[in-house]
Structure formats: C-alpha cells, structure tokens
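The block underneath contains the structure these notes are about, expressed in structure tokens.
Note that the coordinates shown come from a computational prediction; the quantities given were computed from them, not determined experimentally. Letters go in sequence order (proteins before strands), and every chain restarts at 1.
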Amino acid sequence: MANLEGTAASTANEDVLLSLNDIRRDYVLGETRVEALKGVSLRIHRGEFVAIWGPSGSGKSSLMNILGLVDAPTSGEVSLEGTPIAQLTDNALSDLRSRKVGFVFQSFNLIPVLSALENVMVPLQIQGVGTAEVRERASQALKDVGLENQASARPDKMSGGQRQRVAIARALVTSPSIVVADEPTANLDSENSYMVVKLMRELNRSKRVTFIFTTHDPRLMDLVDRKLLLKDGLLQADEAVR
Amino acid sequence: MNYFSIGFRNILKNHRRSLVTLLSVGFGFASISLFAGYIKYVYSGLAKQAIHGELLGHLTVMKQGLRTEGRLHPAQYMFSKEELDRVMPILRQYPHTRLVTPRMSLSGMVSNGTASTVFVGEGMVPEDVKKLQGDFQRKLSGDLKADNPIGVATAEDLGRILNLKPGDSAALLVSTVTGQANALDVDIVDDFNTGNVGTNDKFLYMPFDLAKSLYDFDGAERLIVLLDDKAFTEQARTELTAQLKQAGFDVELKTWLELSSFYSQVKRLFDMIFAFIFSNVFIVVVMSIVNSMSMTVVERTREIGTLRSMGLRRSGILRLFTTEAFMLVVLGCAGGLLFTLLVRLAVNSAGITYTPPNSSNVVSLMVDLDVPRMARTFVMLSLLGIAAAFFPARTAARKCITDSLGHV
Ligand SMILES: Nc1ncnc2c1ncn2[C@@H]1O[C@H](COP(=O)(O)OP(=O)(O)OP(=O)(O)O)[C@@H](O)[C@H]1O
Ligand SMILES: [Mg+2]
C-alpha cells in the first residue's frame with residue numbers, strides 16, 4: 001500500500017493537531033472478535049475540513065470515536081497537539097475533551113429540557129465559566145449559526161436542521177481545536193444536509209476550527225479540503241480536493 | 001452546570017412518575033411527622049399528669065435506702081422534725097424551686113362500718129396540693145379541705161367498692177411507726193380518678209397532719225420539690241444532691257420521670273411503634289425514589305453519553321442525578337410538611353377524645369410538632385434519596401461513552 005500519510009496538506013507538518021499511529025480497534029462479542037480498524041495511521045492538521053467516507057461497516061464511527069477521544073484504541077497511539085492521550089486519567093481526558101473537542105451527533109443529542117440557548121451554554125458551564133460570560137458567549141455562538149431568534153425554544157419545537165445548527169453552536173461555543181461529527185446529516189433531508197455542512201464549512205473558514213465528519217452523501221464532498229476513504233477498517237485513499 | 005434547573009425540569013417533564021414519588025415522599029414524611037407529633041403530645045400530657053396529676057412534683061427527696069429498707073426500719077429512713085427544719089430551707093433557697101412540701105405514705109384498711117378493703121394512702125399538705133396541681137385537672141388528685149383535718153379523698157373505684165361518697169364517713173386502720181394498731185374516723189370530702197385502673201381502687205389522700213398522727217411520727221417520709229420548669233429537673237437534681245451531701249444528708253433525689261413508671265412504659269411502647277412505622281414508611285419511600293431514579297438514569301443514558309463527550313466528569317453525572325433525587329425529597333417533604341400542618345390543624349380543632357388503654361380517663365387527641373424528629377426524618381430521607389440516585393448514576397457514569405451514546 002502506498003504511503004498515504006501526509007499526502008494532503010503535507011506542507012503543514014508542523015501544525016499537526018491530531019495524530020493517529022497504527023490504530024486498531026477490535027470489538028469482542030462473546031466468542032467473536034470484530035476487527036473494526038485494522039491499523040489506521042493519520043494526521044489531521046489545524047484548520048482542515050475533512051470528510052471520511054466509505055461503505056457501511058467500514059469503521060467510520062469507530063475511527064470518529066477515537067478521534068473524539070471518547071473511545072480508546074485496542075492498540076496504536078493517539079496524540080492531540082503532540083500529547084499522547086493513552087496515559088491520561090478519566091478526569092484529565094474529560095477536561096481535555098471539554099477544552100479541545102466539540103461534538104455534533106447524528107441525532108443531535110440536545111438536552112430536551114433545556115432551551116436552545118441553554119443547550120449551547122452547557123459546555124461552558126462544564127468548564128466552570130462564569131454565568132455572565134457563559135450567556136454572552138452562548139448567545140454569540142447561537143448568532144453565528146443564525147438562530148439568535150430561537151434562543152428560548154426547546155429542541156422539540158425546532159426542525160431537524162435547526163436542532164443540528166444548535167448542536168453546531170454547542171460544539172463551537174468553547175472554541176475547540178477540533179469538531180468531530182459522525183454522520184451529522186444522516187437525519188436531515190438533502191436541503192438541510194447541504195445547509196448544515198455549508199455552515200460548518202463557513203465556520204471552519206471564519207473561526208479556523210478543524211472539522212472532521214463522516215457522510216455517505218457524495219454531494220457534500222464538494223465542500224471539503226480532504227477526503228479519507230475507509231474500507232474494511234483500512235484507509236484506502238486520502239486525497240486533497242482541488 | 002445548572003444541575004438544579006436540569007433536575008427541576010426533568011421532574012416536571014416526567015410529571016406522572018414524579019408525582020407518584022412526591023406523593024410517597026410527602027405522605028411518608030407526613031405520617032412520620034404526624035405520629036411523632038401525636039406521641040410528643042402524649043408524652044407532654046403524661047409528663048404533666050405525672051408532675052401535676054400524680055402529684056410527683058419534679059423531684060422527690062428521700063433518705064438513701066428508704067426504698068429498700070424503709071419498710072423494715074421506718075423511723076430510721078424518715079426525716080425527723082429537726083432534720084426537716086434543716087433540709088427544707090436548703091431546698092427552698094434553690095433559685096428554681098417553687099414549692100417544697102412534705103409527704104408521708106401509709107397503707108392499711110379502710111372500712112365503711114360493715115365492709116373493709118386495702119388502701120394505699122398518702123398524707124399531703126392540702127394547700128400545697130393545690131399549688132402542685134396548678135391548673136391541671138383536679139379530678140386526677142382530688143381536693144383536700146384545709147379546714148377539715150379529718151377530711152380524706154378516695155379514688156373513685158375505691159369509693160365504689162365500699163359505696164363511699166363525698167359526705168360519708170369511714171374508718172382507717174393502720175399500724176404506727178412502732179407497729180401498734182391505730183384507727184381513726186375520717187370524713188370523705190372528695191373523690192378523684194388516678195387515670196390508672198391499677199391504682200384507682202386503692203388510693204386515698206389525706207391531710208399531712210392526719211397521716212402524721214395515724215403513723216404516730218412527727219416528721220416526713222419524703223419531700224416533694226416543684227420547680228418553675230421541668231427543663232431544670234436534671235440540673236436541680238445534681239445541684240441539690242451536692243448541696244444536701246455537703247450539709248451532711250445522705251439523701252437520694254428521684255425525678256418524676258424515674259418515679260412515674262407509667263410514663264416510661266408508655267414512652268417505651270410508643271417509641272417502639274414509632275420505630276416500626278418509621279422503618280416501614282422509610283422502606284416504601286426509598287423504594288419509590290430508587291425506582292424513579294433508576295428509570296430516569298436509564299432513560300437518560302444518551303444524555304449522559306452526550307455530557308460525558310462534552311467533557312463532564314463522572315462526578316458531574318453523579319451530581320446531576322443526586323441533585324434531582326434531593327430535589328424530589330425536598331419537594332416531597334415540603335408537601336408533606338404542608339399536609340402535616342393541615343391535618344394537625346384539623347385534628348386539633350376537631351376536639352377528638354378517647355380512652356387510652358390502662359387508663360380510666362378520657363383524654364383528648366392532639367398533635368404537636370416534633371421539629372427535631374421531623375428534621376432528622378428530612379435529613380435521613382435526603383441521604384437515602386441521594387444514595388438511591390447515586391448507585392444507578394454511578395453505574396451509568398462508568399459505562400463507556402460510546403455505549404451510552406449508542407443507547408436508544
Ligand atoms: N460496540 C460494538 N460492538 C461490536 N461490534 C461493533 C461495535 N461497534 C461497531 N462494531 C462493528 O465494527 C464494524 C465497524 O463499525 P462502525 O460502526 O465503525 O462502521 P461505520 O463505518 O460507522 O458503519 P455505518 O456507515 O453503518 O455507520 C462493524 O462490523 C460493526 O458491526
Ligand atoms: Mg457509523
């Protein structure tokens with residue numbers, strides 16, 4: 001197999017945000033062992049807008065969980081901004097996620113009892129930021145996704161597209177280094193899907209936030225810097241777009 | 001994190017389930033509070049009955065050994081007149097003393113002229129009896145007449161046995177301090193009800209001077225001390241014992257609590273019933289919180305995964321759910337408190353009366369507020385409620401995040 005590492009953005013080697021080295025992830029279910037990732041090495045650079053695509057069961061979600069620091073590989077090394085994360089305690093890892101990682105989920109995962117604004121406030125409250133600042137920054141984040149007039153709406157009163165935009169605001173409110181989004185458009189119609197990814201792209205440009213998302217939708221690939229093709233637990237292609 | 005607001009809104013969101021839990025916490029708290037309040041009222045009634053009804057006062061002063069050897073060598077264990085003249089001033093000078101009064105007990109036979117039966121008599125100073133009774137029901141201890149030196153009061157059942165009513169005459173036969181037989185004619189001037197079937201057919205109260213002459217002894221067997229508040233009882237006992245020891249008297253001071261066996265029996269019984277009710281209610285309440293909280297935790301598994309991915313520590317998840325459980329307890333107890341106050345108001349203004357077992361008096365059913373017990377109940381419910389949320393939340397917080405996120 002060709003050396004895929006660094007084929008895209010090889011000029012920005014000094015600005016590596018996340019690096020994965022020979023990542024394997026096995027799931028053990030009783031007697032059977034599923035090898036979801038079979039040795040993935042990958043570098044994500046600051047400011048990139050990356051899509052991971054591939055057939056169902058190819059290991060995209062497994063890889064995203066490891067990139068988002070919510071799952072540990074069976075073997076291999078993950079470093080965020082040069083720091084290996086394997087040794088971290090659960091609390092240290094939680095704090096690291098809180099500061100560095102934002103999440104956008106397939107099914108939005110907003111807290112149903114909280115309003116849009118309150119949902120966006122949660123990550124800052126987890127960080128222990130003061131109330132006034134939390135409110136101000138959350139309002140700004142909500143404005144950035146164009147939902148300032150929905151601030152007091154509860155998630156169940158909003159459309160899927162709106163909910164996902166609240167989720168994007170929530171992921172960005174802490175100014176994370178990276179936003180990880182596993183199939184953020186799977187529950188949206190094509191129009192909303194395009195809008196959501198376009199919004200992420202705009203925020204990626206304006207705020208210099210790194211985005212990685214997975215998708216099945218080829219149309220969305222036009223918007224990205226870099227496409228990673230995952231097949232059968234291995235990276236098959238890593239191509240820069242344009 | 002705004003744990004309180006998330007907790008409160010989830011309580012509202014699951015209003016049906018929350019209502020069931022709140023009702024069980026509320027009724028549990030109310031039933032414990034009401035029962036505690038009821039027995040507190042009973043205790044304070046029994047205390048009054050012992051002090052002012054059974055005329056025990058707060059303290060009884062007697063010579064060391066009276067209760068064990070007193071019957072064998074009576075004169076040795078009683079206060080002589082000279083001793084009384086020295087002991088009583090010491091008791092009277094004590095700042096909380098309201099009254100010091102001598103007593104003499106003696107038993108013998110009472111006869112209506114044709115039939116006779118046993119009586120247990122008590123000689124006491126008629127004016128002091130009134131002071132001891134205070135505003136407590138006169139019916140419990142009768143009314144001796146200061147102007148009739150041979151006027152006695154009989155317990156109702158004793159009077160009934162011999163068909164003696166106020167206005168009749170009777171004869172008392174006793175043995176004197178030296179063992180001689182001695183008899184005197186007396187007038188029945190009043191009757192009373194001791195409130196206890198065991199004593200209501202035996203007790204007979206007589207003027208102190210009459211008891212002295214029947215017993216042929218110039219002195220007193222015991223001294224009764226009435227204080228200005230029963231809260232000072234123990235303190236007064238300690239201080240007076242020391243003062244009397246210093247003055248050279250080998251005496252024993254008993255409190256009304258020690259002498260009223262009825263009070264301690266009832267208290268023991270009620271405390272046992274209380275413990276039983278308390279533990280039953282507790283189990284029901286705790287199970288309902290456990291049930292409600294473990295359902296909540298399971299339903300919110302994905303929310304837990306989401307919060308954990310956003311960097312909330314495990315301890316934050318624990319706080320989230322224990323806060324919610326604590327709020328359930330607080331809200332439930334607040335409702336329970338309100339209910340307690342309403343029921344208390346209703347019961348106390350309804351004027352319900354009943355006859356307790358082993359009693360010959362009708363007493364009213366009232367409910368007090370036992371605030372310390374209610375506070376303890378609240379604290380225990382809170383702790384157990386928090387524990388009820390803690391364990392399922394800990395299990396959920398320990399689950400790996402991807403599993404929680406994948407939970408549907
Ligand atoms: N928790 C798990 N336990 C056992 N096997 C798992 C688990 N998660 C994923 N797998 C298996 O690992 C392989 C990769 O799964 P993964 O979810 O990463 O694929 P995917 O590319 O995200 O698929 P999809 O496009 O359907 O979301 C699959 O064979 C899947 O069945
Ligand atoms: Mg997937």
Side-chain angles (χ1 to χ4, degrees), chain A residues 25 27 36 61-62 64-72 89-115 117-129 131 134-135 154-156 167 170-171 173-174 176 179-182, chain B residues 1-18 292-293 295-321 323-325 327-328 331 389 393-408:
Chain A
R25 179 62 167 105
Y27 297 104
S61 296
S62 305
M64 292 299 267
N65 289 336
I66 289 168
L67 288 168
L69 313 184
V70 289
D71 191 23
T89 62
D90 188 75
N91 280 348
L93 200 58
S94 299
D95 296 349
L96 193 65
R97 278 197 304 273
S98 167
R99 280 181 288 118
K100 301 288 183 189
V101 189
F103 285 89
V104 177
F105 301 95
Q106 175 178 337
S107 37
F108 324 127
N109 291 16
L110 298 176
I111 295 176
V113 299
L114 298 182
S115 71
L117 180 66
E118 287 165 336
N119 263 289
V120 179
M121 287 160 63
V122 169
L124 295 173
Q125 288 169 331
I126 289 175
Q127 288 185 349
V129 175
T131 319
V134 166
R135 214 158 247 291
R154 291 276 175 97
D156 55 1
R170 179 177 69 176
V173 72
T174 54
V179 173
V180 175
D182 191 11
Chain B
M1 280 281 285
N2 203 342
Y3 297 104
F4 277 99
S5 132
I6 294 183
F8 187 66
R9 290 189 204 175
N10 275 296
I11 289 172
L12 290 183
K13 184 179 168 223
N14 301 314
H15 50 269
R16 194 184 297 262
R17 183 198 306 153
S18 304
S292 163
M293 287 315 297
M295 273 166 84
T296 301
V297 169
V298 169
E299 280 171 6
R300 286 160 66 192
T301 302
R302 197 212 291 251
E303 179 179 323
I304 293 170
T306 307
L307 289 167
R308 292 276 291 133
S309 1
M310 293 193 298
L312 186 65
R313 293 181 176 192
R314 284 183 178 143
S315 55
I317 301 294
L318 295 181
R319 243 180 94 183
L320 184 66
F321 290 99
T323 303
E324 190 172 322
M327 288 171 73
L328 276 175
L331 292 172
R394 190 177 62 167
T395 308
R398 281 180 176 174
K399 216 165 139 171
C400 52
I401 301 175
T402 50
D403 285 352
S404 304
L405 283 171
H407 188 93
V408 273

- Query: Got a second to check how far E118(A)'s CD is from R9(B)'s CZ, nearest 0.5 Å?
  - Reply: 3.5 Å

- Gap separating the CG atom of L312(B) from the CD atom of Q125(A), nearest 0.5 angstrom: 10.5 Å

- If you round to the nearest 0.5 Å, how far is CZ of R313(B) from CD1 of I126(A)? 11.5 Å

- Query: So how far is it from L405(B) CG to S107(A) OG, rounded to the nearest 0.5 Å?
  - Reply: 8.5 Å

- Query: If you draw a 6.0 Å radius around CZ in R17(B), do more than 12 non-hydrogen atoms from other residues or ligands fall strictly inside?
  - Reply: yes

- Message: If we define contacts as heavy-atom pairs under 4.5 Å, which of N10(B), L12(B), T306(B) has the most with chain A?
- Response: T306(B)

- Task: May I have the step-by-step check of side chain to side chain contact (heavy atoms under 4.5 Å, CB included) for I111(A) and R300(B), ending in yes or no?
- Result: CA-CA 9 Å; I111(A) 295 176; R300(B) 286 160 66 192; over 6 Å; no

- Task: Count the heavy-atom pairs under 4.5 Å between each of M121(A), R170(A), Q106(A) and chain B, then report the option with the highest count.
- Result: R170(A)

- Query: If you take all heavy atoms of F105(A) and S309(B), which pair is closest and at what distance?
  - Reply: CZ-OG, 3.6 Å

- CD of Q127(A) to CE of M310(B): how many Å apart, nearest 0.5 Å? 11.0 Å

- Looking at D90(A) and R398(B), does any basic side-chain N land under 4.0 Å from a carboxylate oxygen? no

- Note on the structure: Applying a strict 4.5 Å limit to non-hydrogen atoms, the region of V70(A) in contact with chain B is both

- Could you state the interatomic distance from CG (N65(A)) to OG1 (T402(B)), rounded to the nearest 0.5 Å? 5.5 Å

- Query: Got S94(A) and R314(B) here, is their nearest side-chain heavy-atom distance under 4.5 Å?
  - Reply: no

